[in-house]
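The model shown is predicted, which means the values in this text are computed figures rather than measured ones. Throughout, a chain's letter reflects where its sequence line sits, starting with A, and its residues are numbered from 1.
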Amino acid sequence: MITLLVADDKKPPDWGQIYARILFHTGMTYEEVGRRTVPQIQAILDGAGENISIKMGIPGLFGEVSAPKHEGLADKPPMLSQFAAMANMFDRI
Amino acid sequence: MSDKIKAPVPLSVMTGEGEFIVIKDKNYVIKPIALNDVEEFMTAEMNLGCQLFSVHNAKEREKIDRWLGGKGNKKGYCYDEDGKPVNLEKVMADGWDIVDLKKFMNKLCDLSG
């Protein structure tokens, strides 16, 4: 069950669908949509009764790259600073 | 299937005015990232944890500056009490430490969804 939930969370939002629904429900111009924030877009979709969830998430929480890349260290063991950066990501959980 | 009870959306979210944060006894406004900048932020591989490395590395400092006060014609997301965008040099002069910088990064992510 958790694996399925995590897999679902990993799916990126369908921005084509999101843009289409926002443009359909509002009088916004196409360019204006990009000037909105994710919470604004989510609130508008929710208010319009659209069941679309925008999960931006914290990069790296589910295995995506988040730690800064160190140049010239490809295929080498991670550095202590990378471990520290990863460990500190969980400070707020 | 029961409907998920959602908290009401604050006016500050809909106006995009951001939220105040107090760091070293000074007020700053942090605004949420606009959709147009989300892709750039997600691919920038920002360090969201301990900022010790970020402050030490010139490239990471540039990235932080981009999201604090902006770069070129791209606006930043942290403003001082006078409504002016800040930069790393200014916030360090204001007394920010690496914990405060981490606080800014976390607040920016929280506000941005």
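No single ILVMFWY cluster, assembled from side-chain heavy atoms under 4.5 Å apart, contains both L68(B) and V29(B). By the criterion of side-chain heavy atoms lying less than 4.5 angstrom apart, applied directly or through intervening Ile, Leu, Val, Met, Phe, Trp or Tyr residues, V38(B) is grouped together with Y30(A) in one hydrophobic cluster. In terms of hydrophobic clustering, with Ile, Leu, Val, Met, Phe, Trp and Tyr side chains grouped at heavy-atom distances under 4.5 Å, W15(A) and I44(A) are assigned to a common cluster. Grouping the Ile, Leu, Val, Met, Phe, Trp and Tyr side chains by contacts below 4.5 angstrom, directly or via other members, places M105(B) apart from Y79(B). One hydrophobic cluster, built from ILVMFWY side chains closer than 4.5 Å, holds both I52(A) and L23(A).
Within residues 14-21 of chain B, the residues having any heavy atom less than 4.5 Å from a heavy atom of chain A are, in residue-number order, M14(B), T15(B), G16(B).
Expressed to the nearest 0.5 Å, how far CZ of R35(A) lies from CG of D37(B) amounts to 12.0 Å.
For V13(B), the parts lying under 4.5 angstrom from a heavy atom of chain A are both the backbone and the side chain.
Crowding of E89(B) atom CD: a count of heavy atoms from other residues, nucleotides or ligands under 6.0 Å not exceeding 12. Remark: K24(B) NZ is packed, more than 12 non-hydrogen atoms of other residues, nucleotides or ligands lying under 6.0 Å away. Within 6.0 Å of CG in N51(A) there are 12 or fewer heavy atoms belonging to other residues, nucleotides or ligands.
Chosen from L111(B), I33(B), N36(B), the residue pairing most often with chain A at heavy-atom distances under 4.5 Å is N36(B).
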**Request:** Could you go through the side chain to side chain contact (heavy atoms under 4.5 Å, CB included) check for L35(B) and V38(A) one step at a time?
**Result:** CA-CA 6 Å; L35(B) 274 187; V38(A) 168; 3.7 Å; yes
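Scanning both residues, G113(B) and P39(A), for their nearest heavy atoms gives N-CG, 4.0 Å.
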